[in-house]
Amino acid sequence: MTETHTIGITGAAGYIGSRVTANFLDAGHDVVPVDNFHAAQVDSVGGRDIVEGDVRDESTLAERFADVDGLFHLAALSEVEECDENEDEAFDVNVRGTETVAWFCRNNDIPLVFPCSMAIIGEPVELPITADHPRDPMNTYGLTKQMSEDDVHSLAAGSFPAHVYMKSNLYGYHEIDGHTIGKRTVINVFVEKAKEKETLTVHEPGTQARDFVHVKDVARAYERSLDVLLDGAENGAMTLPIASGEDMSVLDLAHLVQRVTREERGYEPEVELVENPRGEEAAGSDFSVDTSAARETIGFEAEHTVEATVRGLIAEGN
């Protein structure tokens with residue numbers, strides 16, 4: 001796609017948002033990046049300053065995004081523990097914030113992309129997981145994302161086109177203006193512990209499986225959605241699982257990191273099962289995801305693999 005557009009991005013200073021912002025700027029688009037800097041990792045991307053703003057404030061949306069061709073709403077409280085400890089704030093930011101953004105898109109006919117999470121489904125009961133899987137979230141974060149998914153579908157109907165990403169577990173790092181951007185996801189944590197010769201602690205029972213997808217792959221999905229949504233897409237929201245199709249248990253993941261560390265660094269970190277401080281969470285040993293909908297709708301396929309990424313991170317210097 002050679003045509004360029006004006007793109008609004010909320011949560012532009014975060015783990016995914018900064019990468020999405022960089023990708024759109026690199027593609028020649030004009031980007032309006034906004035963040036409240038609650039969990040910011042950067043304050044500018046590619047020389048473009050990120051503007052401070054709150055997605056719950058209708059006047060902020062009207063001021064910043066009045067002339068955008070598409071809006072990418074990535075702002076959220078995304079840490080499971082933070083959401084459980086601050087339920088009212090999690091509802092306010094994740095649900096009311098998304099409602100405000102979606103209502104703005106409805107009033108202004110602006111296409112929207114919004115990431116929810118695989119956390120909305122809870123324990124898988126139908127495999128492989130598709131967008132139609134029953135919703136039964138097991139924590140506050142998942143509940144707020146389920147409610148937000150419903151809101152986007154309700155408000156988009158007959159009014160504006162939208163993609164909702166049912167996004168699987170992220171991993172990996174990326175570079176923004178010479179700075180390494182990461183997040184304490186399970187793969188990243190295991191890699192850092194292995195490099196420091198620390199024990200890889202696995203929350204019991206260890207059999208809990210997840211699909212793992214690289215942050216750079218997820219960021220590419222937004223570019224593909226832009227092409228589809230601005231090319232005559234019908235009004236209404238579509239939920240798309242954004243996943244790699246590469247699922248494994250957390251214990252198997254720890255053993256993979258252990259083996260790669262031995263092969264690349266000549267020592268082997270210990271793996272230890274510990275009590276899960278989060279309490280109940282999805283613990284099924286199969287988390288296979290049907291990735292065909294994203295492939296058929298936006299041409300999305302993951303390019304990164306867990307082992308290749310882990311090997312590259314383990315092999316590089318501290």
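Residue indices begin at 1 and follow the sequence shown. Quantities reported herein were computed from a predicted structural model and do not represent experimental measurements.
For the 3.5 Å distance criterion, the side chains of E82 and H38 qualify, holding a donor opposite an acceptor. Side-chain contact of R184 with N188: a donor-acceptor pair under 3.5 Å is absent, judged by distance alone. With 3.5 Å as the limit, one finds no donor-acceptor pair spanning the side chains of S288 and D247.
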Please determine whether side chain to side chain contact (heavy atoms under 4.5 Å, CB included) holds for the pair V191 and Y171, giving the CA-CA distance in whole Å, both sets of side-chain angles, and the decisive distance to 0.1 Å. CA-CA 10 Å; V191 166; Y171 71 93; over 6 Å; no
Could you check T130 against D132 for side-chain hydrogen bond (donor to acceptor under 3.5 Å, both in side chains), going step by step and ending with a plain yes or no? CA-CA 5 Å; T130 68; D132 296 325; 4.5 Å; no
Worked check of salt bridge (charged side-chain N to carboxylate O under 4.0 Å, His left out) between E263 and R311: CA-CA 9 Å; E263 293 169 355; R311 189 171 298 279; 2.8 Å; yes
Assess whether side chain to side chain contact (heavy atoms under 4.5 Å, CB included) is satisfied between F65 and N108, documenting all intermediate values. CA-CA 10 Å; F65 300 134; N108 294 277; over 6 Å; no
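The number of heavy-atom neighbours closer than 6.0 Å to CG of D30, taken from other residues, nucleotides and ligands shown, is above 12. Counting heavy atoms of neighbouring residues, nucleotides and ligands inside a 6.0 Å radius, atom CD of E175 exceeds 12 of them.
Between the CD1 atom in I181 and the OG atom in S18 there is a gap of 5.0 Å [rounded to 0.5 Å]. We find the OH-CG distance between Y141 and D84 to be 12.0 Å, quoted to the nearest 0.5 Å. Note that the OG1 atom of T291 and the CZ atom of F300 stand 8.5 Å from one another [nearest 0.5 Å]. The distance from atom CG of L240 to atom OG1 of T297, rounded to the nearest 0.5 Å, is 5.0 Å. From H5, atom NE2 reaches atom CG of D227 across 7.5 Å, with rounding to the nearest 0.5 Å. Once rounded to the nearest 0.5 Å, the distance linking OG of S44 with CG of D177 reads 5.5 Å.
Under a hydrophobic clustering in which Ile, Leu, Val, Met, Phe, Trp and Tyr are joined whenever their side-chain heavy atoms come within less than 4.5 Å, directly or via other members, L74 and V80 fall into different clusters. Cluster annotation: L61 and F160 are assigned to the same hydrophobic cluster (Ile/Leu/Val/Met/Phe/Trp/Tyr, side-chain heavy-atom contacts under 4.5 Å, transitive). When hydrophobic clusters are built by joining Ile, Leu, Val, Met, Phe, Trp and Tyr residues whose side-chain heavy atoms come closer than 4.5 Å, directly or via intermediates, I110 is grouped together with L112. The cluster map of Ile, Leu, Val, Met, Phe, Trp and Tyr, joined by side-chain heavy atoms under 4.5 Å apart, puts I187 and V271 in the same cluster. No continuous path of hydrophobic side-chain contacts links I9 to L71 [ILVMFWY only; heavy atoms under 4.5 Å].
For the pair K195 (side chain) and L313 (backbone), a donor-acceptor distance under 3.5 Å is present. For the pair Q208 (side chain) and G206 (backbone), a donor-acceptor distance under 3.5 Å is present. In this structure a side-chain-to-backbone donor-acceptor pair under 3.5 Å is present from Q258 to P269. For the pair R135 (side chain) and M147 (backbone), a donor-acceptor distance under 3.5 Å is absent. Between the side chain of E123 and the backbone N or O of A283 there is at least one donor-acceptor pair closer than 3.5 Å. With R48 contributing its side chain and V31 its backbone, the two residues share a donor-acceptor pair below 3.5 Å. Without hydrogens or angle criteria, K145 side chain to P115 main chain gives a donor-acceptor distance under 3.5 Å. Remark: side-chain polar atoms of D290 are not paired, donor with acceptor, to backbone N or O of P128 under 3.5 angstrom.
Counting heavy atoms from C-beta outward, F114 and H73 have side chains that approach closer than 4.5 Å. Two residues are said to be in side-chain contact when any heavy atoms from C-beta on lie closer than 4.5 Å; L226 and H29 meet this criterion. Between R210 and V186, every side-chain heavy-atom pair lies at or beyond the 4.5 Å cut-off. Inter-residue side-chain proximity for R19 and V218 is flagged as unmet; no heavy-atom pair is nearer than 4.5 Å. Put simply, the side chain of C83 does not reach to within 4.5 Å of the side chain of N139, judged on heavy atoms. Within the 4.5 Å cutoff, the side chain of T207 has no heavy atoms near those of the L251 side chain. For the pair V257 and K193, the minimum side-chain heavy-atom distance is 4.5 Å or more. Put simply, the side chain of M118 does not reach to within 4.5 Å of the side chain of H133, judged on heavy atoms.
For the side chain to side chain contact (heavy atoms under 4.5 Å, CB included) criterion with F190, the lone passing option out of V202, T185, L256 is V202.
Note on residues 150-170: pairs passing side-chain hydrogen bond (donor to acceptor under 3.5 Å, both in side chains), not counting sequence neighbours, are R106-S159, H153-T239, H163-S225, Y165-S225, S168-D211.
E268 has a carboxylate O that lies under 4.0 Å from a charged side-chain N of R262, or vice versa, which qualifies the two as a salt bridge.
Under the side chain to side chain donor-acceptor pair (under 3.5 Å) criterion, H214 pairs with no residue at all, not counting sequence neighbours.
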Can you give each donor-acceptor pair under 3.5 Å made by side-chain atoms of residues 51-58, sequence neighbours left out, with the distance rounded to 0.1 Å?
| unit_1 | atom_1 | unit_2 | atom_2 | d |
| --- | --- | --- | --- | --- |
| D54 | OD1 | R56 | N | 2.9 |
| D54 | OD1 | R56 | NE | 3.0 |
| D54 | OD2 | R56 | NE | 3.4 |
| D54 | OD2 | R56 | NH2 | 2.7 |
| R56 | NH1 | D92 | OD2 | 2.7 |
| D57 | OD1 | S59 | N | 3.0 |
| D57 | OD1 | S59 | OG | 2.6 |
| D57 | OD2 | S59 | OG | 3.2 |
| D57 | OD2 | T60 | OG1 | 2.9 |

